[in-house]
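Have a look at the structure below, then the notes.
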Amino acid sequence: MADIDEARDLGFEILRTAGIEVGGDRPRDIAVHDDRFWARVLADRELGLGESYQEGWWDANQLDEFIAEVQTLDLQSLIRPRPALALRILKAQARNRQTVRRARRNARAHYDIGNDLYERMLDKRMIYSCGYWHRAADLDEAQEHKLELICRKLHLEPGMRLLDIGCGWGGFARHAAAEHGALVTGVTPAHEQARLARQICAGLPVDIRKCDYRDVAGRFDRIVSIGMMEHVGPRNLRTFFRRCDDLLAEDGMMLHHTIGSLVSKNHTDPWFDKYIFPGGVVPSLAQISSVTEKNWVIEDVHNFGPYYDRTLMAWHRNVTAAWDDLPAYDGRFRRTWDYYLLSSAGSFRARALQLWQIVFTRSRRRSHVYHRPTVGPPESES
């Protein structure tokens with residue numbers, strides 16, 4: 001009992017530093033249903049916080065607001081990880097968890113869980129990445145603006161050969177082909193994504209291939225990846241850009257849209273690694289620039305991370321509204337998915353995570369000055 005009391009007292013003290021109350025009525029306040037929660041979090045930090053939520057040991061009035069407060073004040077740094085958790089992190093740093101074989105398995109673990117879930121959660125184009133909400137009224141428009149913004153940043157023209165690395169369900173490939181006349185090759189290691197992407201892009205000059213980016217052959221005028229670099233892993237970033245170098249035409253251009261970290265690291269949040277994105281690591285700008293500094297010119301870095309907060313909250317509303325139409329997913333999955341979406345929204349709200357679109361051209365080439373385009377009606381500037 002003393003251990004439980006000590007853990008609870010320490011937990012209360014840590015929460016008080018953030019102005020978070022147990023049993024309070026503010027959005028950031030929490031309710032604890034099982035006192036094992038305190039020792040679990042003190043032992044396993046982020047992993048324990050997420051797993052105890054899955055188990056129903058605690059709730060928050062607004063989970064996204066609770067996580068935003070925790071991230072803003074960096075409360076996790078007040079808890080020293082126990083040896084077992086530290087060992088897990090060291091193992092993640094020591095091995096390459098994004099080899100071709102593992103990448104295929106990692107993709108199946110998240111993207112093949114069921115198209116029915118994603119069809120209800122996402123916008124009508126099934127775009128599973130941050131929307132561009134500037135001048136957008138809803139999720140569909142935010143995603144349409146994002147797709148169009150990427151095409152304009154790439155100066156995409158009819159007949160250009162475009163490689164979409166990590167093409168998802170084919171939403172961008174369809175837009176680039178239908179609206180800009182591009183000849184698109186999309187690649188994904190996820191079977192269910194590839195199957196549906198072929199249906200979505202039927203009748204257009206789009207070739208969807210179920211393969212890893214390291215197995216792609218050909219030559220392309222433009223390369224894009226949208227929400228893909230998070231799955232590459234720090235050990236493979238140099239390989240990723242070498243493949244882009246091999247595949248891109250001499251006068252080509254590429255854009256990579258990725259979640260970004262403020263600090264360089266070789267591991268990720270252990271809860272997300274275990275339950276959501278196995279093997280995924282969010283890169284920093286330093287990690288990206290260090291592997292591109294000799295061969296590539298970074299033409300533009302566009303950060304609209306706060307828009308991911310709005311995107312995730314829209315996804316959560318969609319899942320909540322459609323939950324009765326998803327009988328294949330049980331209550332534990334619902335809590336897992338809620339924690340994934342809402343804690344991610346809180347992290348973007350606290351600016352602990354970023355969202356970058358980075359445009360690259362080849363180095364040592366004479367060129368015009370790059371201008372970032374805009375989308376949307378100019379009269380609604382905000």
Side-chain angles (χ1 to χ4, degrees), residues 98 100 103-132 139-140 142-151 154 156 158 160-218 220-232 240 243-244 247 254-259 276-277 280 311 315 318-319 322 326 328 357:
Q98 298 87 13
V100 173
R104 191 179 304 117
R105 185 174 62 207
N106 293 342
R108 287 197 301 263
H110 187 84
Y111 297 103
D112 281 351
I113 61 176
N115 285 340
D116 57 341
L117 171 67
Y118 293 114
E119 285 170 343
R120 288 162 175 80
M121 183 176 88
L122 306 176
D123 65 297
K124 64 184 180 183
R125 297 170 184 81
M126 292 188 70
I127 306 300
Y128 195 16
S129 53
C130 180
Y132 187 62
L139 180 62
D140 283 335
Q143 295 295 13
E144 179 184 1
H145 285 190
K146 189 263 297 294
L147 301 184
E148 184 60 22
L149 182 65
I150 291 172
C151 289
L154 286 171
L156 197 61
M160 282 187 170
R161 298 157 297 171
L162 170 67
L163 174 64
D164 183 358
I165 302 176
C167 65
W169 292 277
F172 176 75
R174 179 178 179 83
H175 181 86
E179 302 299 327
H180 292 268
L183 311 177
V184 187
T185 298
V187 299
T188 173
H191 173 76
E192 287 300 310
Q193 282 193 333
R195 181 180 65 81
L196 187 55
R198 292 187 184 109
Q199 296 177 18
I200 288 173
C201 297
L204 292 168
V206 177
D207 176 20
I208 302 295
R209 304 177 187 175
K210 181 178 173 291
C211 69
D212 189 90
Y213 70 90
R214 284 160 286 202
D215 297 327
V216 178
F220 301 90
D221 303 299
R222 299 289 187 266
I223 293 176
V224 68
S225 74
I226 306 171
M228 161 61 190
M229 199 179 297
E230 303 94 320
H231 300 293
V232 170
F240 178 78
R243 288 300 298 140
C244 290
L247 296 166
M254 62 183 181
L255 180 149
H256 299 291
H257 170 118
T258 180
I259 297 172
I276 305 298
F277 295 115
T311 303
W315 290 345
N318 288 346
V319 170
L326 296 167
Q357 286 188 352

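The structure presented is a predicted model; accordingly, all values stated were derived computationally and were not measured.
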Under the side-chain hydrogen bond (donor to acceptor under 3.5 Å, both in side chains) test, which residues partner [X], sequence neighbours left out?
{"X": "Asn318", "value": "none"}
{"X": "Arg161", "value": "Asp221"}
{"X": "Tyr128", "value": "His110, Tyr340"}
{"X": "Asp140", "value": "none"}

Could you tell me the separation between the CZ atom of Arg222 and the CG atom of Leu156, rounded to the nearest 0.5 Å?
->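 Here the rounded value is 7.0 Å.
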Can you tell me how far the CD1 atom of Ile259 sits from the CE atom of Met229, to the nearest 0.5 Å?
->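 One finds 12.0 Å between CD1 of Ile259 and CE of Met229.
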Is a donor on one side and an acceptor on the other found under 3.5 Å between the side chain of [X] and the backbone of [Y]?
{"X": "Glu230", "Y": "Gly280", "answer": "no"}
{"X": "Gln143", "Y": "Ser129", "answer": "yes"}
{"X": "Thr311", "Y": "Gly131", "answer": "yes"}
{"X": "Gln199", "Y": "Ala197", "answer": "no"}

Can you tell if the side chain of Leu162 reaches within under 4.5 Å of the side chain of Leu183, non-hydrogen atoms only?
->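 When only atoms from C-beta onward are counted, Leu183 and Leu162 do not touch, as no gap falls below 4.5 Å.
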Result block: side-chain N/O donor-acceptor pairs under 3.5 angstrom for residues 170-179, not counting sequence neighbours:
{"from": "Arg174", "atom 1": "NH1", "to": "Ile200", "atom 2": "O", "distance (Å)": "2.7"}
{"from": "His175", "atom 1": "NE2", "to": "Glu148", "atom 2": "OE1", "distance (Å)": "2.9"}

In chain order, what residues pass the side chain to side chain contact (heavy atoms under 4.5 Å, CB included) check against Asp116, with sequence neighbours excluded?
->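 Only Arg120, Leu326, Tyr329 meet the side chain to side chain contact (heavy atoms under 4.5 Å, CB included) criterion with Asp116.
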Do Met160 and Leu154 pass the side chain to side chain contact (heavy atoms under 4.5 Å, CB included) test, and can you show the C-alpha distance, the side-chain angles, and the key distance before you say yes or no?
-> CA-CA 11 Å; Met160 282 187 170; Leu154 286 171; over 6 Å; no
For Thr188 and Lys210, test the side chains for any donor-to-acceptor distance below 3.5 angstrom and give the result as yes or no.
->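 No, Lys210 and Thr188 have no side-chain donor paired with an acceptor closer than 3.5 Å.
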Would Phe240 and His256 count as a ring-ring contact (aromatic ring centres under 6.0 Å, His included) if you check the C-alpha gap in whole Å, the side-chain angles of each, and the deciding distance to 0.1 Å?
-> CA-CA 11 Å; Phe240 178 78; His256 299 291; 5.2 Å; yes
